[in-house]
Amino acid sequence: MSREYVLQTFQAPVEFQIDYARELNPQQHAAVTAPPGPALVIAGAGSGKTRTLIYRVAFLIEQGIPPERILLLTFTNKAAKEMMRRVTDLLGSELQGLWGGTFHSIGNRVLRRHADLLGYKQDFTIMDREDAKDLLNAVVGEMNIDVKAKRFPKAEVLNDIFSLSVNKETSIPEIIAEQYDYFAELAAQIEEVHKGYVARKKSTNAMDFDDLLVLWLKLLREHEEIREQYQRRFQFIMVDEYQDTNKLQGDLIDLLAARHSNVMVVGDDSQSIYSWRGANFLNIIKFPERYPKAKVYKIETNYRSTPEILNLANSVIAANANQFVKELVPARPSGTKPALVMCEDARQQSAFVAQRVLELRDEGVALDDMAVLYRSHFHAMELQMEFQSRNIPFAITSGIRFFEQAHIKDVAAYLKFIGNPSDELSFKRIVRMLPGVGGKGADKLWARFGAVFGVQSSVSSADAPAPRIATSLQKCNDAVPKKAIAAWAQLSATIAQLEVPPVRGSASKMIRLVLEAVYEDYLKQEFANFRQRQEDLEQLAEFAVRFETLEEFLSQLALLTNVEAESSQAVSKDDEQIRLSTIHQAKGLEFGVVFVIMLCDGLFPSNRSLDSAEGEEEERRLFYVAVTRAKDELYLSYPLIRVTPGNTGNFMQTPSRFLGEIPKDQLEEWNLRSYNSYS
């Protein structure tokens, strides 16, 4: 007969260096001093999430937990270093042994020790995206796939398909069916390429960025002794920005925490806005289901925004069914109500924002403390022009400058070439998109076209055969590579359509024709985010409607491109700049004054998001992120009228459904009227 005897851990009374109750508010204090066990910390916007994590690490160490028994996972190494520096400052001693960093950096650290168990050497190479593309191209080449027969995806697209597959732990055919349905017939071949790619990586002792997570998880799943080693080591695990984790990262956390279950995840489900890059919203929503003993801590005191802005934010997110209900509570005194501004059109909206920015600047608000946020970069085109004309310095932080993106420059090249057949750069950009045409081939075709078109141009325009450019292209067939013959014929036919009135007189019609006739298929093959780029071009066509001639549009396009370039170069020149940004890139930032523009159904929320309830809820979370960036003043605006494609007239736009969910008493409606000094 045996008897179980539980040995209690003896712990002497702890004399804390830090007065946690004084340093933290009651909700923060409850999370920081939580007993061992699984914990979900729902930290609302502006509630001091980072502060909570920092004090939690300090609390554990003061409780006697050795730093090497703690794992802190973040989304940037900068965040991890900053947190550890602040903990060091709190405790007055270095944190030797604490593992803190991004998922990928920790994965690299583990794999450097155990790569041999997976058939790799410990000095494996980590490939960047260019290296991965080169290796994928080699694999496709070895498999003798006819990449032109059915427009086989380029390496960049393959890389994104494979990355989504592993991070979402979903099969490649499923990813193709969900997001790349236009490659459905090629799914089996794409799977074979992936197998070859995996084999080549292993044979060359190389890993791509995703492998740092994929192989880390494989190591833990397949090698019990290694799994137990790290499960024992990491007695306490903390995860920052948990709402942004994907399926693979969620499984890693669950596996590492399986022994002790001392996992504290911190995040805000209302700010989960990255599903398009693989983030799994269910990780945070279903945490209590996966950890039935989990305690949920809510940190709802907001130190950023006025009560009026927080009341609106609470109303904005209330309509979402899938969420942890919380109520942001203000710590600041009352301010002004958020403004709702209905504008006649996008131009009046831009005039309003510009004028109000200048007024606020005169009132003492620094330009650096103001931001204009939008769903898509294209929504701010008119605003850029307005700011430029009024000499308002601005910085664009919406990723790569819009007009410098490849798909915009590609389509613009067609229009430039029609407008100026002597434009060598545009001609060569167009023909290099054809199969089998490289730099030398483009040079040869340009020389041939120049010779033919020069003869054509000597004929007076009244007697010249129409279309002149297309006719010249057709006479260059003898210089076209065999691989490009069919594509050259299609190009000639497209150019012929572009040359003929009334298409030649409408930049908008020209853009749509290029997209439909030749460029849509090219987009699918070349770019992983085909639908986003297609939408950009459709919006470019809508923007072009307002210009009466092709030449006027191209002039404005050049000016906008230069405006973007100047705005990025001016960062070091101007002391102050207002920020123009997509909402996705503004997450984590805050400003005294925020303008959220283009709040129309179909623009925000976007049309594509409305195909599912989940998509609409994520758009609502995106709107919530936008309004919670504001500290003092918030302006919500939308244009009432939109120019129709083809310049056939105007139509009334519907205000964003999100605006209709805000109680009227939480908004102050601003009625715009034009002032004519001569009236």
Side-chain angles (χ1 to χ4, degrees), residues 338-359 371-390 392 394 396 398 402-403 506-509 511-512 535-550 552-557 559-560 563-564 578 580-583 594-607 623 626 634-660 667-677 679:
L340 177 62
V341 187
M342 182 189 75
C343 308
E344 288 183 4
D345 53 24
R347 293 180 184 180
Q348 189 183 63
Q349 180 178 243
S350 299
F352 161 71
V353 174
Q355 180 173 312
R356 187 67 187 132
V357 164
L358 291 174
E359 289 171 349
V372 183
L373 306 181
Y374 35 84
R375 177 66 180 83
S376 171
H377 186 127
F378 221 95
H379 298 165
M381 282 196 303
E382 285 92 353
L383 189 61
Q384 292 180 43
M385 296 301 294
E386 189 71 26
F387 278 3
Q388 182 77 359
S389 66
R390 300 197 190 205
I392 300 174
F394 61 93
I396 303 169
S398 304
F402 185 86
F403 296 103
S506 168
S508 178
K509 289 180 179 178
I511 293 167
R512 293 183 189 280
E535 186 177 301
D536 285 344
L537 290 167
E538 288 169 351
Q539 291 183 342
L540 181 65
E542 287 194 19
F543 177 68
V545 164
R546 69 204 63 195
F547 301 102
E548 294 184 2
T549 67
L550 171 63
E552 184 184 349
F553 170 73
L554 291 175
S555 296
Q556 291 296 329
L557 192 67
L559 182 55
L560 279 167
V563 165
E564 285 192 331
I578 186 171
L580 305 187
S581 176
T582 60
I583 301 164
V594 169
F595 297 84
V596 186
I597 64 172
M598 290 294 183
L599 283 163
C600 305
D601 259 15
L603 298 179
F604 194 1
S606 68
N607 271 324
F623 185 38
L634 175 64
Y635 298 86
L636 309 176
S637 66
Y638 65 94
L640 191 62
I641 296 172
R642 191 175 186 180
V643 179
T644 58
N647 203 18
T648 57
N650 300 328
F651 69 89
M652 299 289 288
Q653 296 197 120
T654 304
S656 171
R657 62 194 62 194
F658 301 151
L659 294 175
L667 289 164
E668 181 179 69
E669 293 190 21
W670 285 32
N671 299 310
L672 302 185
R673 66 180 180 86
S674 298
Y675 173 71
N676 187 335
S677 60
S679 61

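Because only heavy atoms are used, hydrogens play no part in the values below, and waters and symmetry mates are left out as well, while side chains stay in.
Counting heavy atoms from C-beta on, the side chains of H377 and Q539 never come closer than 4.5 Å. When side chains are defined from C-beta on, Y374 counts as touching T582, because their heavy atoms get closer than 4.5 Å. F553 has its side chain within reach of I511: a pair of non-hydrogen atoms, C-beta onward, lies under 4.5 Å apart. Between F387 and L580, the closest side-chain pair of non-hydrogen atoms falls below 4.5 Å. Using a 4.5 Å cut-off on side-chain heavy atoms (C-beta onward), L603 and H379 make contact. Looking at L599 and Q349, their side chains never come closer than 4.5 Å, going by heavy atoms from C-beta outward. Side-chain atoms of L640 and Q653, non-hydrogen and from C-beta on, never get closer than 4.5 Å to each other. Annotation: side chain of Q355 is in contact with side chain of R390 (closest heavy-atom distance under 4.5 Å).
Of the possible polar contacts, none joining the D345 side chain to the I641 backbone as a donor-acceptor pair under 3.5 Å is found. Side-chain atoms of T654 do not come within 3.5 Å of backbone N or O of D601 as any donor-acceptor pair.
Summarising the geometry, atom OH belonging to Y638 is positioned 5.5 Å from atom CE belonging to M342; distances are rounded to the nearest 0.5 Å. S350 OG to R347 CZ: the interatomic distance, rounded to the nearest 0.5 Å, is 9.5 Å. The distance from atom CD of E542 to atom CE of M381, rounded to the nearest 0.5 Å, is 9.5 Å. In this structure, CZ in F378 is found 10.5 Å from CE in M598, a value given to the nearest 0.5 Å.
Between F595 and F352, the ring-plane angle classifies as perpendicular under the 30° and 60° cut-offs.
Minimum interatomic distance between V545 and S508 (heavy atoms only, all atoms of both residues): CG2-OG, 3.4 Å.
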